[in-house]
Amino acid sequence: MDTVMLSRIQFASTTIFHYFFVPVSIGLALLIAIMETMYVRKGNEEYKRMAQFWGKLFLINFAVGVVTGILQEFQFGMNWSDYSRFVGDVFGAPLAIEALLAFFLESTFIGIWIFGWDKVSKRIHLLSIWLVAFGTMLSAFWILAANSFMQHPVGFQINNGRAEMNDIFALITNGQLLVEFPHTVLAAYATGAFLVTGISAYKLLKKQDVAFFRKSFEIAAIVGIISSFGVAVAGHAQAQYLVETQPMKMAASEGLWGESGDPAPWTVFANIDTENQTSSGEVQIPYLLSFLSYSKFSGEVKGMLELQKEYELAYGPGDYIPPVKTTFWSFRIMVAAGSLMIALGVYAIYLMWRKKMDKPNTWFMRFMFWGLLLPPIANTSGWIMTEIGRQPWTVFGLMTTEDSVSPNITSGQVLFSVISFTAIYAILGAVMIGLFIKVIKKGPYAMDNEHGESHDPYNKED
Amino acid sequence: MSLNELWFLLIAVLFVGFFFLEGFDFGVGMETQILAKNDTERRVLINSIGPFWDANEVWLITGAGAMFAAFPHWYATLFSGFYIPFVFALLALIARGVAFEFRGKRDSKTWQKTWDVCIFFGSFLPPFLLAVVFASFIKGLPIDGDMQMYAGFFDIVNAYTVVAGITVVLLCLVHGLMFTTLRTLGDLQERARKLAQKLLIPLAVLLVAFVIMTYNMTDIFDKRGTLLWIVVALGVVAYLLSGYFMTKKKDGYAFGMTGAVMALSVASIFIGLFPRVMISSLDQAFNLTITNAASGHYSLKVMTIVALTLLPFVLGYQIWSYFIFHKRVHEKEHLEY
């Protein structure tokens, strides 16, 4: 395999793996901040225990997120040095700001949060977790500002063959960012929320620490349903923006080769033939693609064949059609997972509203447990659609993936790094799941004494 | 001062800060195998850096990010050119970072030993490899006219860079030991101080060897002689003072002095480089400099405003966190890790 393909595998595996942890961190930080706020305001120790129990999972997850994040930053220079040279001006700046603004904040205050339970006042301690939660959001904003530039480059001019920034405000008010940021952050909140409802459902099914987990479930379900709805709304806005700025990605995500017709139907399933550039056996919902694209029930959407001609005129000869099947199916998987989240969330809220949480239906709780997998599935397929659907570009319209790779690395080197990093991800993933299960099995009331010491750690003693 | 010079300075400050701060927690990481006699001591050591190591590591991430933003060519040439050393450094940093969090989560001895090995190698390899990288910066590397670096094994690993690596590792260890004297009590504290004192002689030999080799094998003393000799003189004074304070058991001052030696060593590399950022061994004309490797003026201006606004806050709350956890870690209290 050549270095381009290997580097893409490297980037995909690192980013996908890293992105299992990032949304959990963002989501759990918010939930823990809410729980600790309730503790400080109501003075009820149960909420403190809640913050600490979910905090344990948060910290295990956070550690893996942090260490894979370093790799995330270094790999641009390692595998994609020509890309880095070309966009460093515009792309490096948000990354540096992310580190200065967000990483320092998160890492310092997470330290205070972990070690400060009996060293700082309740309010400072609470402030710490809110600052961590705020930091994770800032971090998301800046990295998405960088990603949005790749989807829809703005605020730059080409100088001496490099993209130089000429308007930072254009960069942070990039239309792509304004739809991508809420979509991504709300999805992250949903990820944290469904993790908490999922684990709580498991414990409720086992009838362990029922009061504790019912309360956790309820707090998380509220966050979960609000954010799941929000994700859908923001996703709709993103689709409309996509038709305008990256119509090829939109067409590919629909498996749409020719014209859609007016009004355009949305394809639920289709048999895509990339060789003959046709799709067959489509199951379609009338009007829906027009609505997704334009928020009205009419309007045509361009197909890939016509767009290919347009792109050739604009960018010169080349193949501008991304891997259609991957783009098509990842979009559908994302939408399906997102819809299921909303359905589960609505029913959970219904149960809470009708005060039926005392005896929730066993089947529903099982669904809620497995529901914790839905957000990671949706997140991953969403990013696959976004990044694969942009191919052959790294920066849309400006630089191709082929041209981005480091010219001075060998495929042997990249293969070595792919194998060693993938191996360490596999180990970390397995260990993390193992530790999660251990912490969950022990439950929130076994925490105080876990190092086998005979004292209460929350009593001050010196 | 031009913005390019300012950003060179800021990146130098970030790396000096990184080696000063993470330097001691790398050192403490090594102590878990060298100094600690049992699991409790190991845990005391890990907890003594618990609240800090992550934020210390962010100095490295910010340094790399600042390079990316201000000198994209530097970032690109450096990270692609040192591909394999960075793979190892990253593997080590990954293993170390999770090891702190994971090691205490199960009672099994094998489990803890496994993560202890990760902590040790994770604390030893990154400073070694980063020192190798920095030393080869000033020695010169095969960088061609397109700013692409094609380095063979011996361009990166050779007597000079290995001496630099070992020196920095040992310096981290001594610096870490002094940190331990500040954050622990009793026997552990005593032993830390004694070991630091013992290591002063071999470390001095290494430092002198490194200066002599640098004088003979690089051009930096020709380029910045006066300034570098002043730095070397300051380093010698700080070194002697650190030894003096150790005998007087003035641990705080001694820690300051080992930190000063570290800071001056890293600073000397940047002083010697300036205004170059990477030196080509093929042709002077191929050097990467603060001019030809830099971002456009607008980017630098924006980044300057952002950095100068944020840095005071970052420094403020980081110092504050050290103040919160200024008390010594006692083995009888609740140990988080």
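This is a predicted model, so every value here is computed, not measured. Proteins come first, then strands; the chains are lettered A, B, ... in the order of their sequence lines, and each starts at number 1.
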*List the atom of Ser107(A), the atom of Val58(B), and the distance in Å for their closest heavy-atom pair.*
OG-CG2, 3.4 Å
*asked:* Working to the nearest 0.5 angstrom, can you tell me the gap between Leu14(B) CG and Leu100(A) CG?
replied: 7.0 Å
*How far does CD1 of Ile61(B) sit from CD of Glu98(A), to the nearest 0.5 angstrom?*
9.0 Å
*chain A contact via Ala294(B) - which portion, at a heavy-atom distance below 4.5 Å*: backbone
*Is the Tyr298(B)-Phe156(A) ring centre distance short of 6.0 angstrom?*
no
*asked:* Under 4.5 Å from any heavy atom of chain A, what part of Val302(B) do you find: side chain, backbone, both or neither?
replied: side chain
*Taking all non-hydrogen atoms of both residues, which atom of Val87(B) and which atom of Phe416(A) are closest, and how far apart?*
CG1-CE2, 3.8 Å
*Heavy-atom distance under 4.5 Å to chain B: side chain of Ile424(A), backbone, both or neither?*
side chain
*Does OH belonging to Tyr425(A) count more than 12 external heavy atoms closer than 6.0 Å?*
yes
Report all side-chain donor-acceptor pairs from residues 64-76 of chain B shorter than 3.5 Å, counting only partners two or more places apart or in another chain.
unit_1	atom_1	unit_2	atom_2	d
His73(B)	ND1	Arg85(A)	NH1	3.1
Tyr75(B)	OH	Glu73(A)	O	2.6
Tyr75(B)	OH	Gly77(A)	N	3.0

*Do Ile94(B) and Leu428(A) have side chains that get closer than 4.5 Å, going by heavy atoms?*
yes
_Largest heavy-atom contact set with chain A, pairs under 4.5 Å, which of Asn56(B), Asp54(B), Leu93(B)_ = Asp54(B)
*asked:* Counting only heavy atoms not in Lys122(A) (residues, nucleotides, ligands), do more than 12 fall under 6.0 Å from its NZ?
replied: yes
*Taking the six-membered ring for Trp, are Phe104(A) and Tyr317(B) ring centroids under 6.0 Å apart?*
no
_As an exercise, state the distance from CE of Met78(A) to OH of Tyr83(B), rounded to the nearest 0.5 Å._
5.0 Å
*asked:* Could you tell me if the side chain of Trp320(B) sits less than 4.5 Å from the side chain of Ile112(A), heavy atoms only?
replied: yes
*May I ask you to test the Phe102(B)-Leu435(A) pair for a side-chain heavy-atom distance under 4.5 Å?*
yes
*Is the Phe86(B) ring parallel, tilted or perpendicular to the Phe74(A) ring (thresholds 30°, 60°)?*
perpendicular
*asked:* If the contact rule is any heavy atom under 4.5 Å from chain A, which residues of residues 109-118 of chain B qualify, in numerical order?
replied: Trp111(B), Trp115(B)
*Side-chain contact test, heavy atoms from C-beta onward, threshold under 4.5 Å: evaluate it for Phe115(A) versus Asn47(B) and give yes or no.*
yes
*Of all heavy-atom pairs between Thr108(A) and Ser321(B), which one has the smallest distance, and what is that distance?*
CG2-CB, 3.7 Å
*Tell me, for Asp144(B) versus chain A, whether the close heavy atoms (under 4.5 Å) come from the side chain, the backbone, both or neither.*
neither
*Heavy atoms only, distances under 4.5 angstrom: which of Leu300(B), Ile84(B), Asp146(B) has the most pairs with chain A? Name it, please.*
Ile84(B)
*Select, from Gly63(B), Gly97(B), Gly296(B), the one with the greatest count of heavy-atom pairs under 4.5 Å involving chain A.*
Gly296(B)
*Could you tell me whether the side chains of Asp82(A) and Gln148(B) share a donor-acceptor contact shorter than 3.5 Å?*
yes
*Tell me, do Val67(A) and Arg96(B) make a side-chain contact under 4.5 Å, heavy atoms counted?*
no
*How long is the gap from CD on Glu101(B) to CG on Asn61(A), to the nearest 0.5 Å?*
10.0 Å
*asked:* Quick check for you: to the nearest 0.5 Å, what is the distance between Met149(B) atom CE and Ile409(A) atom CD1?
replied: 13.0 Å
_side chain to side chain contact (heavy atoms under 4.5 Å, CB included), that's the test. Do Phe421(A) and Leu90(B) meet it? Break it down for me._
CA-CA 9 Å; Phe421(A) 286 129; Leu90(B) 283 166; 4.0 Å; yes
*What part of Thr77(B) gets closer than 4.5 Å to chain A, counting heavy atoms only: side chain, backbone, both or neither?*
both
*Answer with side chain, backbone, both or neither: which region of Phe76(A) has an atom nearer than 4.5 Å to a non-hydrogen atom of chain B?*
both
_Val431(A), part contacting chain B, at a heavy-atom distance under 4.5 Å_ = side chain
_Heavy-atom proximity to chain B below 4.5 Å, by part of Ser406(A)_ = side chain
*Point-to-point distance, once rounded to the nearest 0.5 Å, from NZ of Lys105(B) to CG of Leu59(A)*: 7.0 Å
*Does OH in Tyr322(B) sit with more than 12 non-hydrogen atoms of other residues, nucleotides or ligands closer than 6.0 Å?*
yes
